[in-house]
Amino acid sequence: MKRKAPASLAARVKRLASHQPPSWATIGRDARPNLHGLLRYPAMMIPSMQGDILDVVLAEIDGPCRVTDPFVGSGTVMTEALIRGLDFVGIDINPLAAMVCEAKIAVDARADVEHGVEVVLHHLARDIEMTIDVDFAGRAKWFSQESAIYFSKIRRAIMRVEDVGTRKVLWVAFADTIRRCSNSRTSTYKLHVRPDAEMVDVSRIRKVFFLTLREALQRTRDYQQILAQSRRKTPKARIICGDIRTAKIPTSRTRHQILVTSPPYGDNVTTIPYGQFSFLALNWIDPKDLPGGVDDKLLANTHALDAASLGGSVLDAQEKHAEMMEVSPTYKRFSRQAKRDNRDVRKVSCFMYDYWESLHRINSKALGSAHWVMTTGNRNAAGLKVPFDAINRDIVEALGGRCVTSIQRKLPVKRMPNRNSIGELINAETTLVAEFA
Ligand SMILES: C[S@@+](CC[C@H](N)C(=O)[O-])C[C@H]1O[C@@H](n2cnc3c(N)ncnc32)[C@H](O)[C@@H]1O
């Protein structure tokens, strides 16, 4: 595989960093066009920024390549890769995230969402059943009797759609409606009961679902139009729902690997509770349409998925800390300032160790040359700024990577609802570009 001189990559990334396009600072609806806005997942990346960086890296590579995102979330990198006709592999422990990505892949494969919406509206209008079709711990707390009956009708209507890919797109609209209309507040990703005055009635649920379907349809059309205009080759895409530390990651000897990702900032409990965010929808979606191999234990209670994610366990904290002291000089400096008996500091140690273990595993599966593009944010813990950007750099170097350069970006707005504790604390992010020979 022929490669151009490494210096040119550094120069190109630096140029991009010093002339950041206005689209990187766009907020709201316009920032997430086409499939990017299908579901409002927490801490989504800026699509145009990841696309621009991907283009710079691609300009360095002659020959076939594959893009991988080991923390794929709602698939921002995936969508940018697919638009460019690049093969893609994504991994996420959260079944909702994996299913959203599979829904987007179905749209990429030309799923007939318009027909799916017609089928749903047809059956919904004729359904006179008054049953509640799902039960799980806390269902009555998060859904009134009337709303559970109506959500059951929507669920039955979606189950009447024949094509599984189309159903996944409809489940995403359903998940978004659940998120906005359950008895849990939308001002936080954590589950918190709304005050009585803010409870959502059935007529509003109906309105929200119909609007969400209409929007999904428009986004699907916008995406398929982009493909019709710009794509020459249909890529292969695969999503694996599982823990990156144990999931079966497909390897490829022949192709250059481009890893583009934004890992979590820390453990889900003290940063972003992706599991709690997804819990209600995951209990309503027909389990046979969730990605294969979902462990029931992950849905057993509102905390199980967050506890299974990176940094979710503080077991063996001392051993994990000791290993990180060897791996990362920056971690060592941070640790000397921090009080080791503080629980949040132990959580940082365990998160960093889990993250190191994840990257170590990915690296051991990557055969041949690679570029890594990693966006991280520095959160606060126990009154200290956690220098995740520099620890990430140390980890990449410990794995044999060469850090080419990095981009700093100020976040235009808080990326998470204000009731999450780190909301006000992360106001910048760093994107590291590295290469492995
Ligand atoms: C910052 S989010 C990714 C967001 C994504 N870049 C986007 O634009 O939607 C980090 C993701 O890491 C996932 N994650 C956490 N622990 C994991 C693990 N052990 N294995 C795989 N994924 C994990 C979370 O479920 C979450 O979706």
Side-chain angles (χ1 to χ4, degrees), residues 32-47 50-51 54 66-111 113 116 158 163-176 179 212 216 219-220 222-224 226-227 231 234-244 247-250 258-264 272 274-275 277-278 281-282 285-295 298 305 309 358 362 373 375:
R32 307 204 182 282
N34 62 74
L35 291 187
H36 287 298
L38 203 57
L39 182 88
R40 277 162 272 199
Y41 193 69
M44 292 190 287
M45 292 159 124
I46 302 293
Q50 299 307 318
L54 201 47
R66 184 183 80 184
V67 180
T68 301
D69 185 345
F71 304 102
V72 68
S74 62
T76 305
V77 173
M78 178 187 81
T79 304
E80 290 300 302
L82 295 185
I83 286 174
R84 288 165 176 77
L86 301 168
D87 290 350
F88 182 84
V89 173
I91 301 121
D92 205 290
I93 196 169
N94 184 338
L96 183 66
M99 197 206 67
V100 173
C101 291
E102 288 179 349
K104 292 179 179 179
I105 292 172
V107 173
D108 189 83
R110 310 285 199 278
V113 180
I158 295 177
D163 174 60
V164 59
T166 309
R167 280 203 304 277
K168 287 181 182 174
V169 178
L170 298 164
W171 289 129
V172 174
F174 184 57
D176 202 37
R179 160 98 185 127
T212 311
R219 289 184 177 280
T220 299
D222 293 348
Y223 181 78
Q224 289 176 343
I226 293 174
L227 297 193
R231 199 166 73 184
T234 305
K236 291 194 203 94
R238 189 161 161 213
I239 297 298
I240 296 154
C241 183
D243 187 330
I244 188 65
K248 210 164 172 222
I249 309 167
I258 308 178
L259 178 143
V260 186
T261 197
S262 68
I272 299 179
Y274 298 96
F277 168 85
S278 312
L282 282 170
I285 296 169
D286 183 0
K288 78 175 188 320
D289 286 349
L290 288 175
V294 174
D295 184 346
L298 293 183
L305 188 47
S309 299
S358 308
I362 294 163
V373 179
T375 300

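Worth saying up front: this structure is predicted, and the values here are computed from it rather than measured.
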*Asks:* Passes side chain to side chain contact (heavy atoms under 4.5 Å, CB included), Leu54 versus Leu86? Steps please.
*Replies:* CA-CA 10 Å; Leu54 201 47; Leu86 301 168; 4.2 Å; yes

*Asks:* Taking all atoms of both residues into account, what is the closest heavy-atom pair of Ile272 and Ala43, and its distance?
*Replies:*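 Taking every non-hydrogen atom into account, CD1-CB, 3.7 Å.
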
*Asks:* Please check if the side chain of Arg219 supplies one atom and the backbone of Asn34 the other of a donor-acceptor pair under 3.5 Å.
*Replies:*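 Side chain of Arg219 to backbone of Asn34, a donor-acceptor pair under 3.5 Å: yes, one is there.
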
*Asks:* For residues 89-100, tabulate all N or O donor-acceptor pairs below 3.5 Å that involve a side-chain atom, not counting sequence neighbours.
*Replies:*
unit_1: Asp92; atom_1: OD1; unit_2: Asn94; atom_2: N; d: 2.9
unit_1: Asp92; atom_1: OD2; unit_2: Gly73; atom_2: N; d: 2.8
unit_1: Asn94; atom_1: OD1; unit_2: Leu96; atom_2: N; d: 2.8
unit_1: Asn94; atom_1: ND2; unit_2: Tyr41; atom_2: OH; d: 3.3
unit_1: Asn94; atom_1: ND2; unit_2: Tyr274; atom_2: O; d: 3.4
unit_1: Asn94; atom_1: ND2; unit_2: Ser278; atom_2: OG; d: 2.8

*Asks:* Where do Pro291 and Cys241 come nearest, in terms of heavy atoms and distance?
*Replies:*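 The answer is CB-CB, 3.7 Å.
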
*Asks:* For residues Ile46 and Thr76, report the shortest heavy-atom separation together with the two atoms involved.
*Replies:*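 Looking at all heavy atoms of both residues, the shortest contact is C-CG2, 4.3 Å.
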
*Asks:* Ignoring hydrogens and geometry, is there a side-chain-to-backbone donor-acceptor pair from Gln50 to Glu80 under 3.5 Å?
*Replies:*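 Not confirmed, Gln50 side chain does not pair with Glu80 backbone.
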
*Asks:* With heavy-atom distances below 4.5 Å as the criterion, would you say the side chains of Val77 and Val67 are in contact?
*Replies:*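 The answer is yes; the side chains approach within 4.5 Å.
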
*Asks:* When you measure from the side chain of Asp286 to the backbone N and O of Asp289, does any donor-acceptor pair fall under 3.5 Å?
*Replies:*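 Answer holds: no.
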
*Asks:* For the pair Leu259 and Asp69, evaluate side chain to side chain contact (heavy atoms under 4.5 Å, CB included) and give the outcome as yes or no after the intermediate values.
*Replies:* CA-CA 6 Å; Leu259 178 143; Asp69 185 345; over 6 Å; no

*Asks:* Test Pro70 against every option in Val260, Ile249, Ile244 by the side chain to side chain contact (heavy atoms under 4.5 Å, CB included) rule and name the one that passes.
*Replies:*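 Single pass found, and it is Ile244.
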
*Asks:* Look at Arg40 together with Asp176 and state whether they make a salt bridge at an N to O cut-off of under 4.0 Å.
*Replies:*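 Salt bridge flag = yes for Asp176 with Arg40.
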
*Asks:* What I'd like to find out is whether the side chain of Tyr223 reaches to under 4.5 Å of the side chain of His36, using heavy atoms alone.
*Replies:*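 Not in contact.
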
*Asks:* Which atoms form the tightest heavy-atom contact between Ser262 and Phe71, and what is the distance?
*Replies:*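 Looking at all heavy atoms of both residues, the closest pair is O-CB, 3.9 Å.
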
*Asks:* Checking the side chain of Arg231 only, and the main-chain atoms of Leu82 only, is there a donor and an acceptor separated by less than 3.5 Å?
*Replies:*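 The answer is yes, because a donor-acceptor pair under 3.5 Å joins these two groups.
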
*Asks:* With the side chain counted from C-beta on, respond yes when Arg66 and Pro250 share a heavy-atom pair under 4.5 Å apart, and no when they do not.
*Replies:*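 Contact flag for Arg66/Pro250 side chains = yes.
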
*Asks:* Any heavy-atom pair between the side chains of Val169 and Val107 that's under 4.5 Å?
*Replies:*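 Sidechains of Val169 and Val107: in contact.
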
*Asks:* As an exercise, state the distance from CD1 of Ile83 to CE of Met78, rounded to the nearest 0.5 Å.
*Replies:*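 So the gap between those two atoms works out to 10.0 Å.
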
*Asks:* Quick check: closest heavy atoms across Leu170 and Ile158, and the distance to 0.1 Å?
*Replies:*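 What the structure gives for the nearest pair is O-CD1, 3.7 Å.
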
*Asks:* Please round to the nearest 0.5 Å and tell me the distance separating atom CG of Leu305 and atom CG of Leu298.
*Replies:*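 With rounding to 0.5 Å, CG (Leu305) is 5.5 Å from CG (Leu298).
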
*Asks:* So which heavy atom on Thr375 is nearest to which on Pro263, and how close?
*Replies:*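 Taking Thr375 first and Pro263 second, the nearest heavy atoms are O-CD, 3.3 Å.
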
*Asks:* Keeping the roles fixed (side chain from Lys104, backbone from Ser74), state whether a donor-acceptor pair exists under 3.5 Å.
*Replies:*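 Yes; at least one donor-acceptor contact below 3.5 Å.
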
*Asks:* Just so I know, are the side chains of Arg110 and Leu227 near enough to count as touching, which here means a heavy-atom distance under 4.5 Å?
*Replies:*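 The answer is yes, as the side chains (C-beta and beyond) meet within the 4.5 Å cut-off.
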
*Asks:* Would you give the length of the straight line joining atom CD1 of Ile105 to atom CZ of Phe88, rounded to the nearest 0.5 angstrom?
*Replies:*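 Rounded to the nearest 0.5 Å, the CD1-CZ separation comes to 7.5 Å.
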
*Asks:* Is the count of non-hydrogen atoms from other residues, nucleotides or ligands lying under 6.0 Å from Lys248 atom NZ greater than 12?
*Replies:*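 Incorrect, the count does not exceed 12.
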
*Asks:* Can you confirm whether Thr68 sits close enough to Ile362 that some side-chain heavy atom of one is under 4.5 Å from a side-chain heavy atom of the other?
*Replies:*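 No; the side chains remain at least 4.5 Å from each other.
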
*Asks:* Taking Arg238 for the side chain and Lys236 for the main chain, is one N or O donor matched with an acceptor at less than 3.5 Å?
*Replies:*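 Not at all, since once roles are kept as given, no pair shorter than 3.5 Å links the two residues.
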
